[in-house]
Every structure is written in C-alpha cells, then in structure tokens.
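One structure is given here, and the rest of the page talks about it.
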Amino acid sequence: MIRITNDPIDNNAVLESVQNNRAGAVVLFLGTTRNVTGTRETDSLDYECFESMAIKQLEALEATARQRWDIIEITIVHRLGHLLPGEASVAIAVSSPHRVTAFECGQWLIDTLKQEVPIWKKENWSDGTQQWVHPGMED
Amino acid sequence: MIRITNDPIDNNAVLESVQNNRAGAVVLFLGTTRNVTGTRETDSLDYECFESMAIKQLEALEATARQRWDIIEITIVHRLGHLLPGEASVAIAVSSPHRVTAFECGQWLIDTLKQEVPIWKKENWSDGTQQWVHPGMED
Amino acid sequence: MTLYIKLFAVAVQKAGTTNLEIDCPTPTTVGDLKQAVIAACPALSEITTHCRFAVDDEFATDTTIVTENSSLAIIPPVSGGA
Amino acid sequence: MTLYIKLFAVAVQKAGTTNLEIDCPTPTTVGDLKQAVIAACPALSEITTHCRFAVDDEFATDTTIVTENSSLAIIPPVSGGA
C-alpha cells in the first residue's frame, strides 16, 4: 500500500496492512520529528510534495524491493502538512517470511525514499525563522 | 520497558512507550507465527519461559544495547502461551536520534534474544503432532 | 511553444511562483531548458546546479526530450522521510 | 545436600518432571552436577550436551560453584522470538 496523506499516520492500520499468515517478521520504521537538530530547536515542520511523481517513485521503490527481496507486503505512508515534534512523517512497514529480509528491505526503502521521492520539509525554528531543508545545498 | 505477558501484544502501547521528542527514528520488529515451515503446516504454537532468568537476560540485552548505541528508549515484550498463525510472539521497539542506529540495535536485539533468552516454543503441527523447537538439537 | 514548469520548496521561494512559464523552440531538451530557465528567472541560477529536472514524473537527464505535452518540474534536493 | 533443578520444554518431556531432585556432595560444580543429573535421570543424557545450565538466573560454566542455595535450571536451546 502506497499512500500520501494529510492525516496523522495510523500505526495500527499500517501494521494490519502488512499482516499475513506467511510472515515470520514485520519491521515498521517511523520517521519522527525531532525537536532539536544540532543546537537549534524546532517548533514544527511543514511537508510538501510533488504528488503525482512521489506516488510513481514510491511505487517504483516497492517494485524494486520486491525484485530484490522475498517480501510479502510493503506499506509506505508519508504525511504532508504541519507536524509537531514527536509526530511521524513517514511509516514504512515490511512483512517477510524471514527477519533479515524485513530489516534489510525496510532500511533500503527509507534510505532510498530520502534520496528519490519528491517530498520536502520546512523547519519552523523556535526563533521564528523558517527554512526549507535541501541536503547538500548551501543557503 | 521489559515485559513478559500472556496477553496479546498491544502494538500501539509498545510504540508509545518508546516515543520521545528527541527521537528521529523508531524501529519496531514483530516476530509473528508462520502457518508454514518448510513443507509442514502449523496449527498453533505454545510458548513457555523461565521467567526470572528471561527478565534478567532481557534487562542485560537492554543494558548492552544502550552501551553500544545512542538509544533513547527500548521496549521488549514477549508473549507466552497459545498463539495462532499471524499473531506476534515478540515485539521489539527502539527509538533513537538516527535511523541507522535504530535499525542496527533492533536487529541485534532480536538476534541476541533468539540465542540468549530462555523462552521455548512448541509447534502444534496440523497433523496433530507436537514438537518443542530446539535449534541445533536433533530429535 | 510555451512550457510550464512546476516549482517546489526553495525554488518557489527564489522564483516567487509555483509555476514558471518559459518560451522555447519546439522540441527541446532538458539541457536547453535549464539555460532558458536561468535566462527567464535569474533568481533560480544559484540553485539549478543542485536540482534535478523531472519530465512526466520521472527524473530526466540533460538529453531528455521535452515537448509541449511534457509535464515538467524542478526537483530541489529532497528531504522527506523524517 | 539436595538440589532442585528446574526443567523446561524437551527436558520436561524426557524427564517426565519440571523439577529434578538430585543428591550431591556440598558444595559442587556445574560440571559435577551434570554427571549427577545423567546418573539420576538417564533420559536426559541424550540432550545435556546441547543444553546450558543456569545458576541463579545466569548461564553457568562447568566450573561454576553450586551450593544448597543456588537456583538451578537446565536450559535447552532456546526458540523464543518468532
């Protein structure tokens, strides 16, 4: 299941979506908002997305993962909009007959999502300034 | 949080127990009952435990993990008793500032739990026979 | 032909719009389009080297062909996922 | 002294009890206790080489000292976690 949503992520729904009697392992990754990055404090984050391309990229990630690993189900949910510290922006769940596969695949999915899926976050710092986050790009 | 229980595992409670505003990543592992192992079909499983030692070993795993990795919270819940295919026997959740840490630590915890914590499962095969599972030990 | 290019995040901030309108000879390539973008909107020149271009919801290279029907976007370094 | 050893899983199946009672000189070691276990309950001889012994809720070695107050258990290869 691939989903981009403005609503809070429902962890139970994500876990249920990958449940399967053939699975021996489920790995769930949640990317959550930290309130501190280095020495700066975050009040909140805003996520935006190029949705048609993001969905296509996420579907491509799922297809590649299924070619590489013996996976039963994959669910990726990314949340957009305004998030507070502690809230999850992304949930990735993988079920597999074996745990090593589930861990490897889950880690590959989040690593690759962070490089290839057109979603951006804006830090709303506690000092009132805002900043789009673009890794590798200086201000 | 370390817990051994006869009740079904409450995934939301496990995730909430590791939530923290300093966390950038949460990894949850669920070990679930497969209905097929090789060519044999499983009707159900029964788990038993040497509880005082199991708790002590789980606490030792948490302490070692905290020495090795920059971890915020660790929760390990193992269920005992009678389980049906699809049900989780174990949940391990780790929160950390960084995702690589959370994945590595989660995987180490389940790998080590499966070697060092005195809990045993009995397969109730669909042909009516039963068998304690003891890796490395022939029947 | 007139091409419309979707902008996101810092690119919107720099250009002051979410949709850039560019006049180009038809057909063209992504490489040529980049030059046209910088000419039309100099504020984007400082970020385009860090950005990828997308054509029809796929990452494109400088030699990717662009026609009037192409869906176009400038993709600054992404930061979703946590 | 009389020692009580907790049994689990296949060890219970083989021995027909969850608590083995062994008479031993005091104090003794885990290595000597293993011999006493096999002598007292030959049905366990085929599995003891695959099992670890626990003393006071910790895995023990053959040289670990056992006294009358030790909590003792035979730990067959474990299979929790999935």
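Every chain is numbered from 1 and lettered A, B, ... according to where its sequence line falls, protein lines coming before strand lines.
With a 4.5 Å cut-off on side-chain heavy atoms, I92(A) and T75(A) do not count as touching. Side-chain contact between N124(B) and H82(B): present, with at least one pair of heavy atoms (C-beta onward) separated by less than 4.5 Å. Counting heavy atoms from C-beta on, the side chains of I74(A) and I76(A) come closer than 4.5 Å. Side-chain contact check for P97(B) versus I72(B): some heavy-atom pair is nearer than 4.5 Å. You'll find the side chain of E87(B) stays beyond 4.5 Å of the side chain of T32(B), heavy atoms only.
Here the closest non-hydrogen pair linking A91(B) and L30(B) is CB-CD2, 3.6 Å. For the residue pair W120(A) and H134(A), the shortest heavy atom distance occurs at CD1-CE1, 3.3 Å.
Chain A forms more heavy-atom pairs under 4.5 Å with one residue of N21(B), N35(B), D111(B) than with any other, namely N21(B).
Residues of residues 98-110 of chain B that come closer than 4.5 Å to chain A, counting heavy atoms only, are H98(B), R99(B), V100(B), F103(B), G106(B), Q107(B), I110(B), ordered by residue number. Heavy-atom neighbours of chain B within the stretch residues 47-67 of chain A, taken at a separation under 4.5 angstrom, are nonexistent.
Within the 3.5 Å criterion, the main-chain N or O of G86(A) finds a donor-acceptor partner in the side chain of Q19(B). No donor-acceptor pair under 3.5 Å is formed between the side chain of T42(A) and the backbone N or O of S44(A).
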Exercise for review: Any chance you could lay out the side chain to side chain contact (heavy atoms under 4.5 Å, CB included) test for H78(B) and L113(B), step after step, and finish with the verdict?
Suggested key: CA-CA 10 Å; H78(B) 205 296; L113(B) 181 153; 4.2 Å; yes
